[in-house]
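Worksheet: the structure to be examined is printed underneath.
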Amino acid sequence: QAQLVESGGGLVQAGGSLRLSCAASGRTFSTYVMGWFRQAPGKEREFVAAITWRGGTTPYADSVKGRFTISRDNAKNTVYLQMNSLKPEDTAVYYCAARRNSGLGWGPDEYDYWGQGTQVTVSS
């Protein structure tokens, strides 16, 4: 059974950094588009970043552009999200997602597999 497991969340002060990891198992996700989404309390789940299977295309939400970096290691079936210069408004549950279609997806309903999420809290 396909499974995505996020790790690396936690509590950090504003200006700090965290690195999230998403380990995939149960199938090979190397040809899938992988994405990161986040959901803050009372808000809808929103797109953060995505990466194509070769890593050649990595779109970001405007709110994180220049601060977050998505990457992947297909040999390890793992996707990463490096988050620098964190702000209190980045506080949310962060989800990893996989999309079978090779085209980029921007909305949560365009992804086929989801992790359970990891909490990121940024204090001011």
Could you report the tightest heavy-atom contact between [X] and [Y], atom names first, then the distance?
X	Y	answer
L4	A24	CD2-CB, 3.6 Å
Q119	V93	OE1-CG2, 3.2 Å
S85	S17	N-OG, 4.3 Å
A2	Y113	CB-CE2, 3.5 Å
Y111	G105	OH-O, 2.8 Å
L104	E110	O-OE1, 4.3 Å

Is the side chain of [X] donor-acceptor paired with the backbone N or O of [Y] at a distance under 3.5 Å, no angle test?
X	Y	answer
Y95	Q39	no
T91	V122	yes
N74	T31	no

Starting at [atom1] of [X], measure out to [atom2] of [Y] and round the result to the nearest 0.5 Å.
X	Y	atom1	atom2	value
R38	E89	CZ	CD	8.0 Å
F68	S63	CZ	OG	7.5 Å
W36	F47	CH2	CZ	13.0 Å
T69	L81	OG1	CG	8.0 Å
C96	Q116	SG	CD	9.5 Å

Please examine the side chains of [Y] and [X], heavy atoms only from C-beta on, and report whether any two atoms are closer than 4.5 Å.
X	Y	result
R45	W114	yes
C22	Y80	no
Y94	E6	no
V12	M83	no

I'd like to know if K87 pairs up with D90 as an ion pair, taking the criterion as any Lys NZ or Arg NE/NH1/NH2 lying under 4.0 Å from an Asp or Glu carboxylate oxygen. no
Co-membership, hydrophobic cluster, residues L20 and F37, 4.5 Å side-chain: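 Shared cluster, no.
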Which of R27, R99, R100, R72 passes side-chain hydrogen bond (donor to acceptor under 3.5 Å, both in side chains) with Y32? Answer is R27
Do V33 and N101 pass the side chain to side chain contact (heavy atoms under 4.5 Å, CB included) test, and can you show the C-alpha distance, the side-chain angles, and the key distance before you say yes or no? CA-CA 7 Å; V33 170; N101 192 301; over 6 Å; no
